[in-house]
Amino acid sequence: MEKELTYQGFEHLYDESETTQVRFIGFLSDHVRYDFGIVYSNQFFGKPLVICMQTGRAVLLCSEEARDPAHIQRIFRIEDFSEADKLASFFEKNLPVMPLEAQY
């Protein structure tokens with residue numbers, strides 16, 4: 001018989017552990033250094049978690065979503081659009097392609 005767990009008054013939904021693959025990548029532009037961690041997981045329908053190591057900003061991101069440099073610029077608060085465009089190109093080529101279907 002499973003015991004229903006609560007966390008500080010919240011209903012328990014899941015508590016999973018898994019061994020994941022993590023890729024750390026750094027970029028240096030003329031003005032800014034970027035360091036990202038990309039966590040590949042079976043959670044979140046296989047969409048990787050991309051974390052900016054300087055700011056702590058994180059997003060679930062796939063190749064299709066990375067095609068939009070303005071989206072990358074907004075998420076990571078990058079001032080220079082051309083740098084956001086270069087990062088978007090990297091993410092588009094290095095993140096998995098996800099099927100276009102409703103995830104939730």
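Treat the numbers as computed from the prediction; the structure is a model and nothing was measured.
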Quick note, salt bridge (charged side-chain N to carboxylate O under 4.0 Å, His left out) partners involving residues 76-97, not counting sequence neighbours, are Arg67-Glu92
Residue pairs passing the salt bridge (charged side-chain N to carboxylate O under 4.0 Å, His left out) test with at least one member in residues 21-40, sequence neighbours excluded, are Arg33-Asp35
Heavy-atom closest pair (Gly46 atom, Pro96 atom, distance to 0.1 Å) is O-CG, 4.4 Å
Across all chains, not counting sequence neighbours, the side chain to side chain contact (heavy atoms under 4.5 Å, CB included) partners of Val39 are Thr20, Val22, Leu49, Ile51
Tightest non-hydrogen contact, residues Ala84 and Pro69, listed as CB-O, 3.7 Å
Residues at least two apart in sequence or cross-chain that pass side-chain hydrogen bond (donor to acceptor under 3.5 Å, both in side chains) with Thr55, listed by chain then number, are Arg57
Heavy atoms of Cys62 and Lys47 approach each other most closely as N-CG, 4.0 Å
Open item on the list: Are Phe81 and Leu28 linked, directly or through intermediate hydrophobic residues, by side-chain heavy-atom contacts shorter than 4.5 Å (ILVMFWY only)?
Closed with: no
The remaining residues in the hydrophobic cluster of Val32, counting side-chain heavy-atom contacts under 4.5 Å among Ile, Leu, Val, Met, Phe, Trp and Tyr, are Ile25, Phe27, Tyr34, Phe36, Ile38, Tyr40, Val50, Val59, Leu61, Ile72, Ile75, Phe76, Ile78, Leu87, Phe90, Phe91, Leu95
Side-chain donor/acceptor of Glu18 to backbone N/O of Ser41, under 3.5 Å: no
